[in-house]
Amino acid sequence: MNVKDKVESLKGVGKKTAALFSKININTIADLLRYYPRNYLIYGEPCDIESAVIGERVAIKASISSYVDVKKVRKLTIVTCNAKDVTGQVRLVWYNSPFLKQVFHIGQTYIFVGNLSVRKNQLIIEHPEYYSIEQYESMKTSMQPIYSLTAGLSNKTVTKGVKAALPLIDEIKDTVPKEIIDKFSLMPLEEAINGVHFPSDFDSMLLCRNRLVFDEFFIFLVRMAMIREHNVKSVNNYVIDDFTEIDKFIANLPFELTNGQREAVNDIKNDISSNSVMNRLIQGDVGSGKTAVAEIAILATVKNGYQAAFMAPTEVLAKQHYDSLIKDYKDYDVRVELLVGSTKLSEKRRIYEALTNGEIDVLVGTHALIQDKVVYNNLALVITDEQHRFGVRQREKLSKKGEDPHVLVMSATPIPRTLAIIMYGDLDISIIKDMPANRKPIKNCVVGPKYRPTAYKFMSDQIGEGHQIYIICPMVEASENVEAENVIEYQERIKEYFSSEVNIAYLHGKMSADEKNDIMESYVRKEIDILISTTVIEVGINNPNSTVMMIENAEKFGLSQLHQLRGRVGRGDAQSYCIMLCSSDNSDAQKRLEILNKSNDGFFIANEDLKLRGPGDFFGVRQSGDMLFMLGDIYNNADILKKASDAVNYLIKESFPLETLSDNNTTVYL
Ligand code: ADP
Ligand code: MG
C-alpha cells in the first residue's frame, strides 16, 4: 500500500465511506492524513448539575435515581431515566438503544457527557455518552479530534480511517528541503501530522501544529517567489500609453482626485506603459476612493483597444460597480456587461459569445468571471476589488486568463507594511493615505440598549433632512442558541418608533440575488429610509447619502469588521454618525469598542486589533476560500511567517531550484 492509493485500500474503508470521503475532497490516503481536525474534544473535570451551563456540552458525575423507562413511539424506542447528584437532577434520554435498560440500575454512578438543555422546566441531556468513573479518569485531559464532516459521515469513521492510515505516514513527501529542516530545527513532518490528529496534550498539539503552519507559509512563499520571478521576466504584451481619454475623464470628474489617488494613477500609468507587466496592489482605507482609480485604469485599457475584467467578492458589490461604470462611462462609448452566479443561463451564453468576439470591453462580476467557460478576446487588465476576500489561487486563476494581463488588486485591509511585503511579495504597492477633502470625520458613540429610543429619535431627524440609515444585526432570524438581534424580528419591532411615512426594508444573505439587488437599488434610489441588514453590506457598498450606521450587538463583531461597516457612512459631504450598541456588560468588549469610538483610522485600529487578539484563535481549520491558509493565521503566527520567509530567502540566496518544490501534490493543501 502507498499513501497515493485510494482510501478504499485502507482496511475498514468501504465503497460507501470512500464516496462520502470524496465529498470532502479526500480521495487518497495522503488526503486523509492531511485532513486535520477542526477542533478537539477535551474531557474535563466533571461539574455539579447545578453549575452546568445550559446550551453547552457538559460532563456531570451523577447516580441513576429512577427506573429506566422504555417506550415505543411508532418506530422509535425511547429510553429515559433520571440521574442526580447533591445539587440537582437531570433527565437522560436515548433513542433506539433499548439495551440500555440492562446497563443502568438505580444507585450506580456514571459520568454523563452531552449537551445540556431545558425541556418542560427540566434539565435534559439527549444521547449522553456515559463512562464509568475509572474509564473517565483514563480519558480525562486527553484530546479527541473533531473533524469537519458531511451528511452521513461520522467523526468516528474519520478518526478510524486516520488511525488506519497512520502506519503509512512516513511515506508522505516532505516539501520542505532537508537543509531547511536542519537549519531551522523543524520537527519531522510525520511527527507533526500524527500529533495534530492525536495529541497527547495541548502544548504538544501546538508544537505539531506550528510545524504544519510553517509548511503552509513556506509553500505559499515559494509560490510567491516563483510568481515574482515569472513577472520580472514577463514582457508587457499590452503596452497602454495613449492617455488622452483618461486625462479628459479625470478633468471631467465631479471632484478633484486626492494626492493619493493621483499618485496611484501615475503608478499605474508608468506600469502599463512600461516594458513589463503590471502587478500592483492599491491599499487605501474604506472610503478613500479606490473605485475611481479602477475606473481610470479600465478606461485607459479600453481606449487602447483591449478588454478589462473587474471582479468583486459579492454579487451586490459587483452590481454596484456595474452601475457606476455604466453611469460614469456614459460619454465614453464603453461596452460594459455584468456576469454573476445568478445571471440567467441564456444571458450568460450571450455574454460568453460576445466576450470571445470582442464585443464587450469590460466584464464586471463575481468569481463567475474566472470560470473556464469564460474566454476573453484580448484581456489586458484584471482588477480584483476587496482582495482580502479572495484567495491567491483565485487571483492566479484570473491572471492566467488571457496572456499575462496587467493585474491590479485593491484592498482596504490595513495590514502592517512588514506583513504586506511578505504576503504580497509579488506585487508593487501604492498606498492612498488621504481621504477626499469634502469628508467630515464620522462622529462615533458606544451606548447601551437603553439608548435605543434616543437613537431612533435622532434617526427620524436625519431622515427628515433627507438622509438614509443602516442598522446592522448579527443574525438573520431568531435562533435558540445565540442571543443577538436578528433582522427579521428587528424590522417588525422598530416600526412603532417611526412615523408611517418612514420606509423600512431589510436585507440578508439568505435572500435571492434578485431580491437583494432590488432592495439595494431601491435604497440607492432613496425609496428606502432605513435598511436593516446583516453584514452582507459590509464590503464596498457605496451610498453617500447614508449618514447613520447603527450596529446592534457591536460586541459580537471584530474591530476590523466594525470599521468596514462604519465605512458605509461618511462617504459624502454630510456629517455622518456611527452608533455602536453594546449589549454586553463585559468590560473587555467595551474596551474594544472604545478603540473604534476614539479613532476613525483603519491602520490604527488594525494595530490595536492585533494587540487585543488573544492566542485563543488556534482552532478552526478553514475550509472556505475566504482565507489564504487553512491552519496559519498571519497575525497570530507572525513569527512563523517570518521564519518561513527567512527560509525561502535563504533558498533563493543559495540558488535552490524552487520549481522542484511545488509539485501538484503539495499545492493542493495550500
Ligand atoms: P473605497 O475606497 O472604499 O472603495 P469608493 O471608491 O467607493 O471608496 O469611494 C467612496 C465615495 O467617495 C464615492 O461616492 C466616490 O464617488 C467618492 N470619491 C472618490 N474620490 C473622491 C474625491 N477625490 N473627492 C470626493 N469624493 C470622492
Ligand atoms: Mg470599494
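In listed order, ligands and their atoms are each counted from 1. Residue numbers start at 1 and run along the sequence shown.
Side-chain contact, Ser324 with Glu295: no donor N or O sits under 3.5 Å from an acceptor N or O. For His563 and Asp285, the side-chain atoms include at least one donor-acceptor pair closer than 3.5 Å. Residues Arg568 and Asn543 have side chains that never bring a donor and an acceptor to within less than 3.5 angstrom of each other.
Cation-pi geometry between Lys373 and Tyr352 is not satisfied (NZ or CZ under 6.0 Å from the ring centre, within 45° of the ring normal).
In this pair, Tyr577 and Phe458 present their aromatic rings perpendicular. The plane angle is above 60°, beyond the 30 to 60° band.
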- [ ] Take His406 and Asn279 through the side-chain hydrogen bond (donor to acceptor under 3.5 Å, both in side chains) test and state the conclusion after the steps.
- [x] CA-CA 6 Å; His406 298 293; Asn279 281 280; over 6 Å; no
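The residues lining ligand 1, counting any heavy atom closer than 4.0 Å, are Phe255, Glu256, Leu257, Thr258, Gln261, Asp285, Val286, Gly287, Ser288, Gly289, Lys290, Thr291, Pro436, Asn438, Arg439, Asn542, Pro544, Arg571.
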